[in-house]
Amino acid sequence: MKLTDEEKDMLAGKQGHAVRQSMEILVALGTIFGARRLIPVSHVQVAGVSYDNLGDAGLDYLAELAKDGRVKVPTTLNPAGMDLENWEALGISADFAAKQKAVIEAFARMNVITSCTCTPYLIGYRPKEGEHVAWSESSAVAYANSVLGARTNREGGPSALAAALTGRTPEYGLHLEESRGPKVAVEVACPLSGTERYGALGKAMGEKIGNKIALIRGVREASVEELKSFCASVATYGGTALFYIEGITPKPPAGAPAPSEKISISSADVASALASMNDGDGMPDFVSLGCPHLTLGELGEIAGWIGGRKAKVECWLCVSREVKRQADAKGWSRTIEAAGIRFACDTCMVVAPVKGRWKCMATDSAKSCYYARAKNKFRVRVGTPRQCIEYALGGRWE
Ligand code: F3S
């Protein structure tokens, strides 16, 4: 791989230990994937923030880098293992909180912006079409590449942090125009609306196409909320980091060959994906919305559904602190909190240490269904956001 003089100096340790270690990671990655050079990135999003996933080994790794590492480009974080301000109300132990705070402090010493969200594109970090970034949260990676037309590989936590500390990433994979052509055409032969149905579409499609780049036809309209649900689901159940939806997202590169494979998704496929995410008729003892983190519009809708009622079932709304602040200004947070519904800012039901705390979770999210089962050992019911909130307020699944 060809390095500039500055990059050679970084690799030789002339900018300190953290930069040298980061360059070693990037050069190794670039060599494995046949990159010819490193390219600058304008923003980095780092996953691997929850102490529940990092453990002491991860914390030590970050503390070591933080001794002399400082990020060179704006860098934000994926959700942490707790609400950084309101962790006690969410039942997080003091021991866990101390470790999680040490993780955040290590990132802060590196000058990372400690806003913890999987939807950086909702709080102002919205790369333009063609812009190179290094993001690691899979749903955000799919959103950046597909909906925004930016360019990022699906980074791991260490490679994203290495990109932040050097301002560079190896030029391979989805950074290259020639790697972004669609490989499979997907005909969606059914009308769709709602985050839970877009999540089901992502599951049905992801299981059929794996990590191939898709060119999707037949979807007439999709809101930001539906697209973020679809991105999270298709990346979870299949692993794809890029898709095109005709008439909705940016187009494939000009001159890219037509996909050689073709599949179709029917109403029955979507219905069967939805059914597969519902574990019998168990009554949820936990309701969680906000995977990926909620938009301001979603919070407004939820506030409007409450009508002075009180929650009968523990209910979390997972959201970035910035979007929660916007909801505060509109008076929606007060309405929501008065109903006994809790905000889980900076975190989510998947990365928080809640394994086994509840038996059955209600959600609209196909991605959180996957991890609630696999990581937290919950049973799941998937419905519309309204169904979930009505259940939290009334204790009945309509
Ligand atoms: Fe975000 Fe947590 Fe879901 S990080 S995409 S809310 S699993």
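Bear in mind the structure is a predicted one, so any value in this text is a computation, not a measurement.
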For [Y], does its backbone N or O pair with a side-chain atom of [X] as donor and acceptor, under 3.5 Å?
| X | Y | result |
| --- | --- | --- |
| Asn376 | Met349 | yes |
| Asn145 | Thr152 | yes |
| Ser365 | Ser368 | yes |
| Asp68 | His17 | yes |
| Glu64 | Tyr61 | no |
| Ser159 | Gly156 | yes |
| Ser179 | His175 | no |
| Asn153 | Tyr172 | yes |
| Arg381 | Trp397 | no |
| Asn278 | Ala275 | no |

Would you say [Y] and [X] are linked by a side-chain donor-acceptor pair, where the criterion is simply a distance under 3.5 Å?
| X | Y | value |
| --- | --- | --- |
| Ser115 | Thr117 | no |
| Thr195 | Glu225 | no |
| Trp316 | Glu314 | yes |
| Thr166 | Ser22 | no |

Find out if a path of hydrophobic residues (ILVMFWY) with successive side-chain heavy-atom gaps under 4.5 Å connects [X] to [Y].
| X | Y | value |
| --- | --- | --- |
| Phe243 | Val188 | yes |
| Met82 | Leu54 | yes |
| Leu90 | Val354 | yes |
| Val287 | Met283 | yes |
| Leu192 | Val186 | yes |

Which label fits [X] and [Y]: parallel for a plane angle under 30°, tilted from 30 to 60°, or perpendicular past 60°?
| X | Y | result |
| --- | --- | --- |
| Tyr121 | Tyr143 | parallel |
| Tyr51 | Phe96 | perpendicular |
| Tyr125 | His43 | parallel |

To the nearest 0.5 Å, what is the distance between [atom1] on [X] and [atom2] on [Y]?
| X | Y | atom1 | atom2 | value |
| --- | --- | --- | --- | --- |
| Glu226 | Ile248 | CD | CD1 | 9.0 Å |
| Ser264 | Glu187 | OG | CD | 7.5 Å |
| Leu289 | Glu196 | CG | CD | 11.0 Å |
| Lys212 | Met205 | NZ | CE | 11.5 Å |
| Ile306 | Ile341 | CD1 | CD1 | 4.0 Å |
| Met277 | Ser233 | CE | OG | 6.5 Å |

Hey, is [X] close enough to [Y] for a salt bridge, meaning N to O under 4.0 Å?
| X | Y | value |
| --- | --- | --- |
| Glu131 | Arg126 | no |
| Arg168 | Glu6 | yes |
| Asp83 | Lys324 | no |

Minimum heavy-atom distance [X]-[Y], with the two atoms named:
| X | Y | answer |
| --- | --- | --- |
| Tyr371 | Thr236 | CE1-CG2, 4.0 Å |
| Val19 | Leu165 | CG2-O, 3.7 Å |
| Lys367 | Ser138 | NZ-OG, 3.7 Å |
| Ala18 | Gly69 | CB-CA, 3.4 Å |
| Ala134 | Val41 | N-CG1, 4.1 Å |
| Ser136 | Ala47 | OG-N, 2.7 Å |

Tell me whether the count of non-hydrogen atoms from other residues, nucleotides or ligands lying under 6.0 Å of [atom1] in [X] goes above 12.
| X | atom1 | result |
| --- | --- | --- |
| Tyr370 | OH | no |
| Arg386 | CZ | yes |
| Glu221 | CD | no |

Would you call [X] and [Y] a side-chain contact if the rule is heavy atoms closer than 4.5 Å?
| X | Y | answer |
| --- | --- | --- |
| His293 | Val323 | no |
| Cys348 | Cys291 | no |
| Thr363 | Val382 | yes |

Result of checking Leu84, Val46, Asn78, Val351 against Cys116 for side chain to side chain contact (heavy atoms under 4.5 Å, CB included):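 Going through the options one by one, the only one that passes is Leu84.
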
Name of the residue among Glu177, Glu171, Glu129 meeting side chain to side chain contact (heavy atoms under 4.5 Å, CB included) with Arg151: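 Single side chain to side chain contact (heavy atoms under 4.5 Å, CB included) partner of Arg151 among Glu177, Glu171, Glu129: Glu177.
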
Derivation and outcome, side chain to side chain contact (heavy atoms under 4.5 Å, CB included), residues Glu7 and Met1: CA-CA 11 Å; Glu7 289 161 357; Met1 206 164 54; over 6 Å; no

Intermediate values then yes/no, salt bridge (Lys or Arg N to Asp or Glu O under 4.0 Å), Glu105 and Arg109: CA-CA 6 Å; Glu105 280 160 16; Arg109 280 201 297 283; 5.0 Å; no

Test side chain to side chain contact (heavy atoms under 4.5 Å, CB included) applied to Leu65 and Met110, step by step: CA-CA 8 Å; Leu65 285 178; Met110 290 184 255; 4.1 Å; yes

Worked verdict on Gln100 versus Ser50 for side chain to side chain contact (heavy atoms under 4.5 Å, CB included): CA-CA 7 Å; Gln100 183 63 71; Ser50 171; 4.1 Å; yes

Asp279: which of Arg379, Arg373, Lys359, Lys377 passes salt bridge (charged side-chain N to carboxylate O under 4.0 Å, His left out):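 Result: among Arg379, Arg373, Lys359, Lys377, Arg373 is the only option passing the salt bridge (charged side-chain N to carboxylate O under 4.0 Å, His left out) with Asp279.
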
Lys228/Thr295 under side chain to side chain contact (heavy atoms under 4.5 Å, CB included): CA gap, chis, key distance, verdict: CA-CA 10 Å; Lys228 84 177 159 68; Thr295 64; 3.7 Å; yes

